[in-house]
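Just follow the structure's listing: the first ligand is 1, and inside any ligand the first atom is 1. Bear in mind that the values here come from a model prediction, so they are computed numbers and not experimental data. Sequence positions, counted from 1, serve as the residue numbers for this chain.
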Amino acid sequence: MKEFKNVYVFNHPLIKHKIAILRDKNTGMKEFRELIEEITTIMTYESMADVALQPVRIETPLEVTTQYKVPEESIAIVPILRAGLGMVNGVHKVFPTAKVGHIGMYRDEETLEPQEYYCKLPDGIEKKTVFLVDPMLATGGSACDALDALKKRGCKKIKFMAIIGAPEGVEKVATAHPDVPVYVSTLDRCLNENGYILPGLGDAGDRLFGTK
Ligand code: PRP
Ligand code: URA
């Protein structure tokens, strides 16, 4: 795959360990859900190195000092329904007060084209740093359309986080949205003829919610 300035692939050993278990077809729904959440929390830490901090006055037991905090209300989480829901708690572990918007997209199984069926975002989202989350970045259609939808509604600072990315999808999103940092835990080999990521983990939504 070409190199992109806005693509970050994590090679953290702990993430690799957890992804190995996540991929295993014998990993059950409960453990799958917990792993998605844990990996998301690690990714959130890793992707926040550039977060804007605000000076605050703090009184320690010994003296007054100026320290730095992430401003309340500056972060929003937007999962792409359904599978993105599995990542919300993982970001909330780091930013418990982050408001949550939802974008509903499904892939037409024949054409693999994404269809938007729902969008509800918190007030003032255009001023926040938005974490758009979806465990799977396959053809990139869903992520590109969700990013278009957020930008259309005024969002300016967006970070996209996916647990597994296919080169095809990463390239598509990175090219269409060069202003959006794209974070993936791992870059897989390719897509199969049905648009599934190889080696992948199967259908993330079904494994998270026990459908199928
Ligand atoms: C999956 C996944 C992404 C999308 C990725 O969702 O969670 O949203 O496919 O594919 P793409 O990059 O080719 O667009 P799916 O459409 O299966 O819906 P679900 O989350 O409801 O299971
Ligand atoms: N969506 C999934 O859930 N899995 C894939 O491999 C591709 C798209």
Side-chain angles (χ1 to χ4, degrees), residues 1 4 6-9 18-29 31-37 39-40 43 77-91 100-121 130-151 158-177 180-212:
M1 200 187 77
F4 292 92
N6 57 328
V7 173
Y8 303 87
V9 182
K18 290 182 189 295
I19 284 183
I21 308 169
L22 197 66
R23 291 188 194 278
D24 190 331
K25 67 177 185 185
N26 296 313
T27 297
M29 187 180 71
E31 195 179 1
F32 189 89
R33 195 170 58 230
E34 289 167 354
L35 285 162
I36 291 274
E37 199 174 310
I39 294 167
T40 305
M43 290 182 81
I77 312 165
V78 178
I80 301 179
L81 303 178
R82 243 170 357 151
L85 286 174
M87 296 175 74
V88 173
N89 285 347
V91 185
V100 183
H102 295 87
I103 292 192
M105 316 277 295
Y106 70 90
R107 289 203 310 177
D108 183 296
E109 292 199 353
E110 302 276 296
T111 64
L112 301 182
E113 286 299 316
Q115 314 287 331
E116 182 182 320
Y117 62 88
Y118 186 77
C119 186
K120 177 92 179 159
L121 303 173
V130 179
F131 277 89
L132 179 67
V133 295
D134 191 328
M136 308 305 278
L137 174 52
T139 65
S142 307
C144 277
D145 281 17
L147 286 166
D148 287 338
L150 290 177
K151 287 181 177 176
I158 313 172
K159 290 170 180 279
F160 177 65
M161 260 192 332
I163 292 185
I164 298 190
E168 296 88 331
V170 172
E171 208 163 323
K172 179 169 173 155
V173 179
T175 307
H177 295 279
V180 174
V182 176
Y183 301 94
V184 291
S185 273
T186 182
L187 194 57
D188 271 12
R189 199 173 69 248
C190 62
L191 297 175
N192 73 8
E193 63 283 7
N194 300 316
Y196 275 84
I197 300 175
L198 296 176
L201 50 71
D203 188 303
D206 284 343
R207 295 194 64 185
L208 272 166
F209 299 113
T211 42
K212 280 219 179 114

Polar proximity ligand 1 side, A143 side, N/O cut 3.5 Å exclusive: no

Looking only at heavy atoms, what is the nearest atom pair of I21 and T27, with distance? O-OG1, 2.6 Å

Can you give me the closest heavy-atom contact between A138 and G195, atom names plus distance? CB-O, 3.6 Å

Of all protein heavy atoms, the one nearest atom 6 (O) of ligand 2 is I197 N, 2.8 Å

List the closest protein heavy-atom neighbour of atom 14 (O) of ligand 1: residue, atom name, distance to the nearest 0.1 Å. S142 OG, 2.5 Å

So which atom in G205 and which in T211 form the shortest heavy-atom distance, rounded to 0.1 Å? O-OG1, 4.0 Å

Nearest to atom 8 (O) of ligand 1, what protein heavy atom do you find, and at what distance? D134 OD2, 2.4 Å

Do side-chain atoms of D24 reach the backbone of N26 as a donor and acceptor pair under 3.5 angstrom? yes

Report yes if the side chains of V182 and H177 come closer than 4.5 Å at any heavy-atom pair, otherwise no. no

Top protein contact for atom 16 (O) of ligand 1, by heavy-atom distance: R107 N, 3.0 Å

Restricting to non-hydrogen atoms, name the atom on F209 and the atom on R82 that form the minimum distance, rounded to 0.1 Å. CE1-O, 3.6 Å

Partner of V170 under side-chain contact (heavy atoms from CB on, under 4.5 Å), picked from V9, N6, L137, is L137

Test item, A204 contacting ligand 1 (heavy atom, 4.0 angstrom): no

Atom indices of ligand 2, in the order listed, that fall short of 4.0 Å to a heavy atom of A138: 7 (C), 8 (C)

Which residue and atom name correspond to the protein heavy atom nearest atom 5 (C) of ligand 2, and how close is it? Y196 CD2, 3.4 Å

Return the closest protein heavy atom for atom 17 (O) of ligand 1 as residue, atom name and distance. D203 OD2, 4.1 Å

Under 4.0 Å from atom 6 (O) of ligand 1, is there at least one protein heavy atom? no

Please state whether the rings of Y8 and Y183 are parallel, tilted or perpendicular, taking 30° and 60° as the class boundaries. parallel

Please say whether G202 places an N or O atom under 3.5 Å from an N or O atom belonging to ligand 2. yes

Report the nearest protein non-hydrogen atom to atom 21 (O) of ligand 1: residue, atom name, distance rounded to 0.1 Å. R82 NE, 2.9 Å

Report yes if M136 has an N/O atom closer than 3.5 Å to an N/O atom of ligand 1; otherwise report no. no

Mark yes or no for whether D134, through its side chain, and A143, through its backbone, hold a donor-acceptor pair below 3.5 Å. no

For ligand 1, which atoms, with element, lie under 4.0 Å from some heavy atom of A83? 7 (O), 20 (O)

Heavy-atom pair with the smallest gap, counting every atom of P79 and H102: CG-CD2, 3.8 Å

Please confirm whether A204 comes within less than 3.5 Å of ligand 2 when only nitrogen or oxygen atoms on both sides are compared. yes

With a cut-off of 4.0 Å, which atoms of ligand 2 are near a heavy atom of G195? 7 (C)

Considering non-hydrogen atoms only, spot the tightest contact between N192 and N194 and give its length. OD1-N, 2.8 Å

Report yes or no: does R23 contribute a side-chain atom to a donor-acceptor pair with the main-chain N or O of G200 at less than 3.5 Å? yes

For ligand 1, which atoms, with element, lie under 4.0 Å from some heavy atom of T139? 11 (P), 12 (O), 13 (O), 14 (O)

Looking only at protein heavy atoms, which one is nearest to atom 18 (O) of ligand 1, and what is the separation? M105 O, 4.2 Å

Looking at R207 and G202, would you say the former's side chain and the latter's main chain have a donor-acceptor pair under 3.5 Å? no

Taking distance alone, with no angle check, do Y106 and ligand 1 share an N/O pair under 3.5 Å? no

When you measure from atom 8 (C) of ligand 2 to every protein heavy atom, which one gives the shortest distance, and what is it? R107 NH2, 3.5 Å

Evaluate D206 for polar contact with ligand 1, using N/O atom pairs at a separation under 3.5 Å. no

Ignoring hydrogens, tell whether any protein atom lies closer than 4.0 Å to atom 1 (C) of ligand 1; use the non-hydrogen atoms only. no

